[in-house]
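All remarks here apply to the structure that follows.
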Amino acid sequence: MRARWLAVVVGVLLVGVTVPAQAANILSNPGFETGSLSGWNCSGGSVVSTPVRTGGYALNGAVTSSDYAQCSQTVSVQPNTAYTLSGWVRGSYVYLGVAGGVSTWTPSATSFTELSVTFTTGASQTSAQIYVHGWYGQPAYQADDFTLDGPGGTPGAPSAPGTPTVTSTTTSSIALSWPASTDTVTGYRVYEGASVVQTVTGTTATASGLATCSSHSYSVAAYNSAGESAKSAAVAGRTAGCTSTGLVKHALIGYLHASFANGSGYVRMGDVPDQWDIINLAFGEPTSVTSGDIRFNRCPASECPNVESDADFAAAVEAKQAAGKKVLISIGGANGQVQLTTTAARDAFVSSVSAIIDRYGLDGLDIDFEGHSLYLNAGDTDFRNPTTPVIVNLISALKTLKAKYGANFVLSMAPETFFVQVGYQFYGGSSGGDNRTGSYLPVIHALRDSLTVLHVQDYNSGPVMGLDNQYHTMGGADFHIAMTDMVKAGFPVANTGQTFPGLRDDQIGFGLPAAVSAGNGYTAPAAVHEALDCLVKGQNCGGYSLRGGTSPGFRGLMTWSINWDHYYNWEFQNSHAPYLDALP
């Protein structure tokens with residue numbers, strides 16, 4: 001599925017603060033009167049002399065089918081302060097907003113029309129990114145005369161400390177250490193989400209009283225008499241006492257077309273090379289979209305002349321497991337829409353998936369819900385406490401399956417970027433755009449203590465904004481670095497006021513097409529290794545700064561698919577299995 005989403009531009013208005021009658025505009029080059037884009041970071045933007053609202057120049061956003069021409073500017077702000085952002089726009093589907101915050105839009109403005117939003121900064125927020133953009137496939141838009149009213153950043157507050165690391169764990173505690181702020185500080189506050197869990201004067205702390213084998217995410221802020229710094233990037237950790245699933249540290253993961261052939265041909269289970277550590281059987285699909293009744297039908301001989309018998313297939317699964325491999329049933333895919341709209345569908349899902357797992361003695365389950373399987377109802381804005389039935393029922397079903405099969409049950413997920421990272425800008429329950437954006441986040445969060453590996457599909461994706469507030473495009477190392485760092489570091493969820501905590505590095509992988517025919521976004525092996533050098537070792541990052549720190553426990557690479565890799569003479573396997581095996 002090719003993801004499409006909307007972007008936003010934000011203006012901020014000062015409220016409840018004593019200011020002059022005419023508050024200062026803290027934006028740089030707000031009306032483009034320099035005759036350039038100075039102060040702005042734009043994709044597809046240029047300065048034009050007509051049409052303009054005032055002065056001699058305005059912004060022109062040249063939208064295309066794959067780029068909605070966003071222009072943004074990052075400014076220093078004060079914590080706990082209200083601002084107003086406004087701007088004049090002209091065109092169809094033009095958006096104004098602040099990254100990770102509020103936004104507004106107009107569906108059609110034939111003349112310059114003012115958009116405005118208000119925004120209150122967080123307790124430790126020292127910068128805000130405002131932006132404007134159009135929408136895919138629409139005509140070019142124009143924008144002019146932006147205003148961000150409010151005070152600039154507070155001098156004297158300390159700089160943020162460095163990213164914390166987990167130094168040790170017990171069954172009930174996680175010890176942390178972090179690089180000091182470069183300024184004079186009174187102390188440090190350790191946060192889990194929005195809550196302060198420790199206040200210390202040094203650069204170490206221990207969170208205690210935690211549950212055994214539970215996941216947590218911490219960030220740190222420095223403070224002094226002038227105020228509090230921005231929070232550091234977060235680090236995820238897990239208390240000890242977990243039961244091992246028996247996976248290798250760095251896994252090669254692939255989908256096997258077990259129920260169909262397509263142009264790549266059928267590969268027997270027994271012929272899958274030993275380099276593949278996790279094999280996801282594609283696909284279990286529902287009898288109808290809302291039934292919850294999942295069936296796994298092996299490829300018929302009419303489509304796959306070389307298909308093995310059911311008995312030989314089961315024996316090959318058992319042989320893979322005897323060799324230490326994991327075999328999962330993958331539910332969904334591009335054609336398998338699954339909407340658990342009722343508790344009856346939830347119960348049917350649990351029963352039917354259990355029957356598939358039991359029939360072949362499988363090791364677990366992969367969730368590959370695409371299309372319209374997951375979405376968020378209007379007003380469902382807290383990913384920590386979702387209310388939309390298709391989300392709530394899926395979470396309940398997965399928790400039931402995990403409880404039934406125990407600690408060794410392998411659970412993986414393969415969402416598209418649209419359902420995860422795009423949640424940084426847009427969240428389906430709170431935005432006026434697509435109600436599917438970010439809709440995997442409540443599922444991932446609810447299952448974070450049971451999740452074995454999340455391998456987001458870094459393909460079939462439009463440009464996505466990363467934690468550097470820049471857009472990243474698939475097909476190169478940069479995309480995999482930025483998208484994976486978002487999952488590791490965590491991120492604010494659009495305009496909800498909530499922050500999605502990052503995952504542990506041993507839960508994180510990313511997905512790639514095995515070859516150019518397998519999907520859009522194929523990445524050459526050398527670029528994949530460049531991305532892994534950055535993510536695992538902190539090397540070859542190309543100027544990108546990891547917000548979540550390095551991931552020495554990085555779980556592995558996923559590909560669509562084993563069949564396509566076979567068709568292209570095992571390029572993916574032969575390029576990446578030795579690299580993963582060589583990682584410490």
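Values below: every heavy atom of this structure, side chains too, minus hydrogens, waters and symmetry copies.
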NZ or CZ of Arg436 within 45° of Tyr440 ring axis and under 6.0 Å: no
Geometric class of the [Y]/[X] ring pair [parallel <30°, tilted 30-60°, perpendicular >60°]:
X: Phe260; Y: Phe283; answer: parallel
X: His257; Y: Trp560; answer: parallel
X: Phe572; Y: His576; answer: perpendicular
X: Trp570; Y: Trp276; answer: tilted

Are any side-chain N or O atoms of [X] and backbone N or O atoms of [Y], one a donor and one an acceptor, separated by less than 3.5 Å?
X: Thr400; Y: Ser396; answer: yes
X: Arg555; Y: His250; answer: no
X: Asp505; Y: Gly553; answer: yes
X: Gln337; Y: Ala334; answer: yes
X: Ser43; Y: Gln70; answer: no
X: Asn563; Y: Gly265; answer: yes

Derivation and outcome, side chain to side chain donor-acceptor pair (under 3.5 Å), residues Glu416 and Asn460: CA-CA 8 Å; Glu416 295 162 294; Asn460 296 339; 5.3 Å; no
Atom of [X], atom of [Y] and distance for their closest heavy-atom approach:
X: Gly519; Y: Pro513; answer: O-CG, 3.7 Å
X: Ser551; Y: Lys488; answer: OG-NZ, 3.4 Å
X: Lys402; Y: Ser450; answer: CG-OG, 3.5 Å
X: Gln421; Y: Phe491; answer: CA-CZ, 4.4 Å
X: Glu571; Y: Asp565; answer: N-OD1, 3.1 Å
X: Ile395; Y: Pro386; answer: CD1-CG, 4.0 Å

Audit row: Tyr93, Val63, side chain to side chain contact (heavy atoms under 4.5 Å, CB included) steps and yes/no: CA-CA 11 Å; Tyr93 295 93; Val63 175; over 6 Å; no
For Phe479, the option from Thr523, Val464, Thr484 that meets side-chain contact (heavy atoms from CB on, under 4.5 Å): Val464
side-chain contact (heavy atoms from CB on, under 4.5 Å) partner of Lys325, the single match among Val272, Ile278, Val248, Asp277: Asp277
CD (Glu318) with more than 12 external heavy atoms under 6.0 Å: no
Flag if over 12 foreign heavy atoms under 6.0 Å of OH, Tyr360: yes
Between [Y] and [X], do the side chains contain a donor N or O and an acceptor N or O under 3.5 Å apart?
X: Asn297; Y: Ser259; answer: no
X: Asp271; Y: Tyr266; answer: no
X: Tyr95; Y: Tyr141; answer: no
X: Ser330; Y: Asp368; answer: no
X: Tyr255; Y: Asp366; answer: yes
X: Tyr427; Y: Asp382; answer: no
X: Asn335; Y: Glu285; answer: no
X: Tyr375; Y: Asp380; answer: no

Would you call [X] and [Y] a side-chain contact if the rule is heavy atoms closer than 4.5 Å?
X: Val117; Y: Ser103; answer: no
X: Leu398; Y: Leu365; answer: yes
X: Thr452; Y: Lys326; answer: no
X: Phe510; Y: Met483; answer: no

SB check Arg359 Asp310 (cutoff 4.0 Å): yes
Among Arg448, Arg504, Arg238, side chain to side chain donor-acceptor pair (under 3.5 Å) partner for Ser215: Arg504
Gln498 side, atom CD; Asn495 side, atom CG - distance, nearest 0.5 Å: 11.0 Å
Rounded distance (nearest 0.5 Å) linking atom OG1 of Thr388 with atom CG of Asn393: 10.5 Å
Steps toward side chain to side chain contact (heavy atoms under 4.5 Å, CB included) verdict (Tyr471, Met465): CA-CA 4 Å; Tyr471 280 94; Met465 179 179 284; 3.9 Å; yes
